[in-house]
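A quick write-up on the structure given underneath.
Computation of the quantities below employed the complete heavy-atom set of this structure, encompassing side-chain atoms and omitting hydrogens, waters and symmetry-equivalent molecules.
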Protein chains: 2
Amino acid sequence: MNDLSSEDSPLAARLRGISGGLTKSEAVIAQWLILNEATLGLETGASIAAKTGVSEITVSRFLKRAGYKGLQGLKEDLQAALVHAHVSPSDRYFRLLDGEIGAILKRDADAVLALAHEVEKPAWPQAIDAIASADEVFVTGFQTIRGIAEDFARRLAIVRGSVRFLSPHDGGLVEWIPSFRRAEEKRCLVMVDMAPYAREALPIVQTARGLGMQVVVVTDELNTWASPETPFVFHVVTKVDAFLESTGPMTTLMNVIIHEVAGRAPEKARKRIKDWPPIMRGLGLY
Amino acid sequence: MNDLSSEDSPLAARLRGISGGLTKSEAVIAQWLILNEATLGLETGASIAAKTGVSEITVSRFLKRAGYKGLQGLKEDLQAALVHAHVSPSDRYFRLLDGEIGAILKRDADAVLALAHEVEKPAWPQAIDAIASADEVFVTGFQTIRGIAEDFARRLAIVRGSVRFLSPHDGGLVEWIPSFRRAEEKRCLVMVDMAPYAREALPIVQTARGLGMQVVVVTDELNTWASPETPFVFHVVTKVDAFLESTGPMTTLMNVIIHEVAGRAPEKARKRIKDWPPIMRGLGLY
DNA sequence: TGACGAATGATAGCGTTCTGTCATAATCTA
DNA sequence: TAGATTATGACAGAACGCTATCATTCGTCA
């Protein structure tokens with residue numbers, strides 16, 4: 001094992017660090033795993049056994065001894081190392097991230113990092129411009145993610161004015177009745193969506209488009225109805241193998257939108273952030 | 001699907017190139033695969049089916065139609081693409097996470113992973129028990145994070161009954177007027193808090209404690225008033241060097257609470273999750 | 001609105017994977 | 001060299017993954 005690169009992967013470091021030394025079979029398995037790290041994703045216990053000349057149960061025992069929950073656990077670790085290498089410089093969290101809740105947190109963190117793909121899209125800065133430059137911004141969202149939309153509307157209003165939450169069922173879209181005085185204004189709708197609310201959401205988006213608004217949709221990974229309606233559709237991974245979908249990464253993306261809109265006029269945003277607390281002080285809330 | 005990045009991965013290009021268009025289910029699967037490309041190594045046909053809401057055989061048919069020899073064939077293709085890529089997936093992630101927004105996402109992801117510390121606390125399972133075993137759960141939160149609390153109340157109500165959102169300023173705590181019929185019931189208050197709302201939050205927590213309720217507070221990293229009032233205080237990092245604090249990790253922790261409460265009675269939670277859509281179908285929302 | 005075709009799902013069966021239990025082989029020590 | 005201990009393997013069973021077949025649902029068209 002001494003002939004391996006000094007620049008160890010986490011896998012190599014971990015296998016090398018097994019206390020008590022390795023038996024002959026274990027050494028063979030460890031070396032094979034390290035040399036074939038790039039393609040471990042495709043292997044099974046049986047295929048590793050076949051390639052190393054030991055039995056399947058020996059492979060299984062070795063992985064357990066190495067601290068993995070079987071080959072699946074090793075694969076999950078490799079995946080996590082790939083994604084999280086740039087998040088935390090130390091292993092201090094990963095020790096705690098064993099178990100079911102840890103797995104959910106890791107997938108949530110994966111989903112947050114994966115937002116980088118959405119922000120990288122050419123449509124992203126155009127969507128930010130649509131929101132930042134609109135004379136009025138409407139925000140809507142339904143049922144169990146209505147809160148995300150409401151918080152977004154409140155928080156977006158901190159960094160720019162003329163933001164309204166829209167409750168189509170309650171208000172029947174009276175906010176969109178045409179006004180002569182404001183006929184030339186640019187308006188933008190931001191919709192926070194989660195399948196399967198297409199029946200409600202799609203007509204609203206189509207109505208907004210019909211009225212000349214730009215529409216930005218932030219939605220989950222299953223939404224396919226939004227793309228034909230507007231170029232500004234951004235997906236968030238919500239399935240994290242929990243009882244319910246995760247809404248944390250979607251909240252994070254809404255916060256990033258606010259940050260980017262504030263970044264379009266940073267001095268104005270800073271002034272608004274500063275001006276707000278004194279106005280609120282009369283409420284006696286803190 | 002037209003909103004995807006112009007810099008398509010081979011997988012995205014291949015799925016996009018399927019002639020004859022996609023059916024509704026196929027479009028969902030294709031989009032999900034593209035959005036989750038980084039973690040496909042860990043998926044099975046069954047797990048993809050579960051996450052996309054289609055059946056396993058539909059996933060299998062789609063992969064065949066896309067020219068893969070099943071999921072295994074897709075994984076082999078991904079692996080081969082990995083070997084031939086000039087930039088490794090890890091480096092690609094690094095490049096995406098470069099820059100200001102990438103830094104924010106990394107800090108957000110780090111804050112999500114750091115939630116493992118809160119979940120590890122001895123108080124955590126006791127807090128989950130307090131919520132799960134209460135006869136009635138009240139949920140409250142204010143201003144720009146009121147939406148997180150409202151969504152939490154709605155979603156917690158999916159997995160257990162007798163959950164109420166509390167709006168103290170609107171309702172003046174009428175929900176807490178004593179009732180002889182329910183005098184012996186165990187009640188629990190869950191408060192989502194963010195500095196600087198101590199002036200409003202603290203009296204509510206003290207009132208709840210005085211009325212014999214258990215209180216769980218989920219709050220940001222600056223809160224110091226909560227710990228003397230209740231043993232169940234969980235902190236979330238919200239400072240991510242953005243214009244405004246991030247509420248994504250807090251949303252994630254609320255989701256973890258829901259998951260854990262559901263886990264205290266999983267069959268009941270699954271039944272409630274299953275029973276809800278038919279009731280909702282009358283609304284015509286999807 | 002009804003019929004027809006396409007899409008999709010349920011179920012069962014087959015193949016593969018993983019591991020518990022017991023047996024065998026290898027290694028070490030006296 | 002023999003006995004004891006440890007490492008490893010064989011086998012069977014449980015669990016999981018995938019798909020063929022048939023049924024059901026959905027969408028389109030007349």
Examine dT8(C): is either OP1 or OP2 under 4.0 Å from a nitrogen or oxygen in the side chain of Thr58(B)? Give yes or no.
no

If I take atom CD in residue Glu56(A) and atom C1' in nucleotide dG20(C), what distance separates them, rounded to the nearest angstrom?
14 Å

Within 45° of the six-membered ring axis of Tyr68(B) and under 6.0 Å from that ring's centre, is NZ or CZ of Arg14(B) located there?
yes

Atom-pair distance (CD1 on Ile29(B); P on dA7(C)), nearest Å
13 Å

Check for a donor-acceptor pair, side chain of Glu26(B) on one end and backbone N or O of Thr23(B) on the other, with a separation under 3.5 Å.
yes

According to the interplanar angle, ranging from 0 to 90°, do the rings of His259(B) and Phe243(A) count as parallel (below 30°), tilted (30 to 60°) or perpendicular (above 60°)?
tilted

Whole Å only: how far is the CZ atom of Arg65(B) from the C1' atom of dC18(D)?
20 Å

Rounded interatomic separation in angstrom, taking CD from Glu43(A) and P from dT16(C)
16 Å

For Asp151(B) and Thr247(A), does a side-chain donor sit closer than 3.5 Å to a side-chain acceptor?
no

Can you confirm whether the side chains of Asp220(A) and Thr238(A) place a donor and an acceptor under 3.5 Å from each other?
no

dA7(D) P sits how many Å from Lys64(A) NZ, rounded?
16 Å

The side chain of Ile57(B) is closest to which nucleotide in this list: dC18(D), dA10(C), dT17(C)?
dA10(C)

If you go through the side-chain atoms of Arg61(A), does one of them form a donor-acceptor pair with the base of dG20(C) closer than 3.5 Å?
no

Looking only at dA10(D), dA7(D), dG9(C), the nucleotide nearest the Thr23(A) side chain is dA7(D)

With the side chain defined as heavy atoms from C-beta on, Val54(B) is closest, among dT8(D), dG9(C), dC18(C), to dG9(C)

Rounded to whole angstroms, how far apart are NZ on Lys69(B) and P on dT19(D)?
12 Å

For Phe62(A) and dG9(D), what is the distance between atoms CZ and P respectively, to the nearest whole Å?
14 Å

With respect to the side chain of Ser55(A), which nucleotide from dG9(D), dG17(D), dG9(C) is positioned closest?
dG9(D)

Check every atom of dG20(C), dA10(C), dT8(C) against the side chain of Ser25(B) and return the nucleotide holding the closest atom.
dT8(C)

Nearest-Å distance for atom pair CD/P, residues Glu26(A) and dA7(D):
7 Å

